[in-house]
Amino acid sequence: WGTGVYCTPAKRKAPMSEDKAKSKPATELKSTNGQAVTFPVTLELERLDGERVQITFQCKFKGKRAWSKERREYTDALRAAAQAAVATGDADAEAPEPQPAPAKRGLDDLVAEGIERDAALVAKVLAGWSLPEPCNADTLADLEDNFGGALGKFLDKYERAIYAGQLGN
């Protein structure tokens, strides 16, 4: 029983042939920032009758920094909308007249605004989709209206692609 370290000789690697792709040196990485102009994201949605529907979105690539900025602006807008929804209309104590109460908004208003806001965010990163209708904020809002959660599922897949480089499942 010895205490020595046993090593096996390393296998010699065959020299890389010139026709095989090599990774780029770090000095060239800046030139790759536009290489993935668009990429596909496929959603499988389930209708209420159990039938499955697939939609493939053609997505515009945004780097992590640019997408994070978009998401922050979106989150700030959500926060402002939530604060406006619960505003109480408190008047300044020195004001001679009471301030009018904020207009009552119902659940239907809040849902419609949320769908429109989500559709506008998703529309910023889409170049097209596999449906015959035009791909824009209005048709995305219709998609969310008919397939609740579709835009959230899309954003989840898009962010996994952007932040972690994961496409597919």
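FYI, side chains are in, hydrogens and waters are out, and symmetry mates aren't considered; it's all heavy atoms of this structure.
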Measuring from [X]:[atom1] to [Y]:[atom2], what's the distance to the nearest 0.5 Å?
X	Y	atom1	atom2	value
Trp129	Thr42	CH2	OG1	13.5 Å
Thr56	Glu44	OG1	CD	10.5 Å
Leu126	Lys60	CG	NZ	7.5 Å
Glu73	Leu121	CD	CG	10.0 Å
Phe147	Arg47	CZ	CZ	6.0 Å
Lys62	Lys69	NZ	NZ	9.5 Å

- Item | Joint hydrophobic cluster, Val111 plus Leu78, side-chain heavy atoms closer than 4.5 Å | no
- Could you label the plane-to-plane angle of the Trp67 and Tyr158 rings as parallel, tilted or perpendicular, counting under 30° as parallel and over 60° as perpendicular? perpendicular
Of all heavy-atom pairs linking Ala119 and Ala137, the shortest is CB-O, 3.3 Å
- request: Output yes when a side-chain donor or acceptor of Glu144 lies under 3.5 Å from a complementary backbone atom of Ile115, and no otherwise.
  value: no
| query | Would a 4.5 Å heavy-atom cut-off, applied to side chains only, mark Ile162 and Phe39 as touching? | reply | yes
Contacts satisfying side chain to side chain donor-acceptor pair (under 3.5 Å) that involve residues 110-128 (not counting sequence neighbours) are Glu70-Lys124, Tyr74-Asp118, Arg105-Glu113
Residues passing the side chain to side chain contact (heavy atoms under 4.5 Å, CB included) test with Asn136, sequence neighbours excluded, are Pro134, Asp138, Thr139
Asp76 meets the side chain to side chain contact (heavy atoms under 4.5 Å, CB included) criterion, sequence neighbours left out, with Arg72, Arg79
